[in-house]
Amino acid sequence: AMLRLRLLTWDVKDTLLRLRQPVGQSYAAEARAQGLQVQPEALGRAFREVYGAQSRRFPNYGHGQGLSSRQWWLDVVKESFRLSGVQDEAALTKLAEKLYRDYCSSHTWEVLPGAAETLSRCRQLGFRMGVVSNFDSRLEVILSQCNLRHHFEFVLTSEAAGFAKPDGRIFEQALRLGGARPEQAAHIGDDYSRDYRAARAAGMHSFLLRPAGHGQGPGPEVPPEHVLPTLSHLLARIER
């Protein structure tokens with residue numbers, strides 16, 4: 001049976017856009033540009049540790065704890081370099097502010113294969129479209145820089161919503177913005193719990209992007225008709 005869908009909501013990171021290189025590499029390259037030698041692997045490890053700790057201590061970029069997402073990120077970058085051996089506070093501040101800006105640009109992000117074509121086709125088919133992403137306020141600029149912003153009626157970040165996926169309230173806000181009931185909407189994302197399961201818990205349809213060859217291991221079972229080996233597979237599932 002064809003789904004009677006009006007609204008498609010999209011995750012961004014690793015669904016529509018991906019980083020051109022790992023965080024450790026881009027941080028190390030910026031450090032080199034400022035005359036500092038830091039190992040990319042060490043930076044990558046430090047970043048994962050710091051990002052995890054910061055996310056637990058100040059969830060959703062410190063929303064409701066008096067932090068701006070900008071300050072949240074500056075602190076993460078500085079602490080990642082500190083753990084990797086950089087002590088000079090002036091250098092840390094300069095690195096953090098430069099990297100915060102860099103991560104707004106299409107030099108840092110690239111569009112995943114099939115994303116632009118799939119979004120164009122979905123719009124031609126008359127679907128309303130929006131973004132639902134655990135991201136900070138830079139996302140509008142990033143999507144514009146990567147030439148994807150025009151596909152969407154709205155861009156709802158967890159920072160703006162005040163709730164992060166898998167909290168159902170971010171999906172409720174998206175449904176209001178998209179003027180659709182849950183059963184008329186489908187969410188597309190790459191994360192089982194934050195995208196696939198969370199959207200279904202909110203009463204929406206959902207598709208899980210799982211690239212072939214990405215060994216998913218013994219993960220939760222998802223019906224094959226809900227799995228997208230590539231974004232291009234979405235059209236066959238929702239054509240109407």
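Model, not experiment: these values are computed from the prediction.
- L119 CG to L8 CG: the interatomic distance, rounded to the nearest 0.5 Å, is 9.0 Å.
- Looking at every heavy atom in both residues, S80 comes nearest to V76 through OG-O, 2.7 Å.
- Residues F127 and R6 fail the side-chain proximity criterion, which asks for heavy atoms closer than 4.5 Å.
- Between the CH2 atom in W72 and the CZ atom in R57 there is a gap of 12.0 Å [rounded to 0.5 Å].
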- CA sep, side-chain torsions, deciding dist, call: R82, E89, salt bridge (Lys or Arg N to Asp or Glu O under 4.0 Å): CA-CA 9 Å; R82 278 193 203 105; E89 283 298 318; 3.2 Å; yes
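- Annotation: cation-pi geometry not satisfied between R237 and F207 (NZ/CZ under 6.0 angstrom from ring centroid, within 45° of ring axis).
- Through side-chain heavy atoms spaced under 4.5 Å, either directly or across other Ile, Leu, Val, Met, Phe, Trp or Tyr residues, L208 is tied to Y192, Y196, V222, V227.
- Closest approach of V131 and S133 over heavy atoms only: CG1-CB, 3.9 Å.
- Under 3.5 Å, the side chains of S26 and Y103 contain a donor-acceptor pair of N or O atoms.
- Ring-plane geometry between W109 and F135 is classed as tilted, the angle between the planes lying from 30 to 60 degrees on a 0 to 90 degree scale.
- With rounding to the nearest 0.5 angstrom, the CG atom of L83 is 9.5 Å from the CG atom of L43.
- With contacts defined as side-chain heavy-atom distances shorter than 4.5 Å, the pair R70/S137 does not qualify.
- Looking at every heavy atom in both residues, S158 comes nearest to N134 through OG-CA, 3.3 Å.
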- Message: Please determine whether salt bridge (Lys or Arg N to Asp or Glu O under 4.0 Å) holds for the pair R210 and D190, giving the CA-CA distance in whole Å, both sets of side-chain angles, and the decisive distance to 0.1 Å.
- Response: CA-CA 6 Å; R210 265 194 182 168; D190 70 304; over 6 Å; no
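- For the residue pair G130 and L7, the shortest heavy atom distance occurs at N-CD1, 4.4 Å.
- Taking all atoms of both residues into account, the shortest heavy-atom contact from V77 to L99 is CG1-CD1, 3.8 Å.
- Hydrophobic clustering places F171 together with F154 (ILVMFWY residues linked when any side-chain heavy atoms are closer than 4.5 Å, directly or through intermediates).
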- Task: Could you walk me through whether E172 and R169 pass salt bridge (Lys or Arg N to Asp or Glu O under 4.0 Å), step by step?
- Result: CA-CA 5 Å; E172 287 166 17; R169 287 172 288 189; over 6 Å; no
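- Expressed to the nearest 0.5 Å, how far CG of L5 lies from NE2 of H205 amounts to 5.5 Å.
- Contact of the R20 side chain with the T108 side chain is not registered, since no non-hydrogen atoms from C-beta on lie closer than 4.5 Å.
- Rounding to the nearest 0.5 angstrom, the gap separating the CD1 atom in I238 from the SG atom in C122 is 4.0 Å.
- S69 and E159 form a side-chain donor-acceptor contact under 3.5 Å, judged by distance and modelled atom types alone.
- Atom CD of residue E30 and atom CG of residue L36 lie 10.0 Å apart, to the nearest 0.5 angstrom.
- Between K78 and L95, the closest side-chain pair of non-hydrogen atoms is not below 4.5 Å.
- V132 places a side-chain heavy atom less than 4.5 Å from the side chain of I170.
- Residues R128 and G179 approach most closely at NH1-CA, 4.1 Å, considering heavy atoms.
- Connection of V12 to V141 is not established within any shared hydrophobic cluster, with ILVMFWY side chains joined at heavy-atom distances below 4.5 Å, either directly or through further cluster members.
- Classified by interplanar angle (parallel below 30°, tilted 30° to 60°, perpendicular above 60°), the ring pair Y61/W73 is tilted.
- Taking 4.5 Å as the limit, every side-chain heavy atom of M204 sits out of range of all side-chain heavy atoms of R181.
- Relative to the six-membered ring of Y100, R138 meets both conditions, a distance below 6.0 Å and an angle of at most 45° to the axis.
- Contact annotation: the side chain of R32 approaches that of Q37 to within less than 4.5 Å [non-hydrogen atoms, C-beta and beyond].
- Checked by atom type, the side-chain pair D11/H187 shows no donor-acceptor distance below 3.5 Å.
- Under the 4.5 Å side-chain criterion, counting only non-hydrogen atoms from C-beta, L16 is not in contact with I188.
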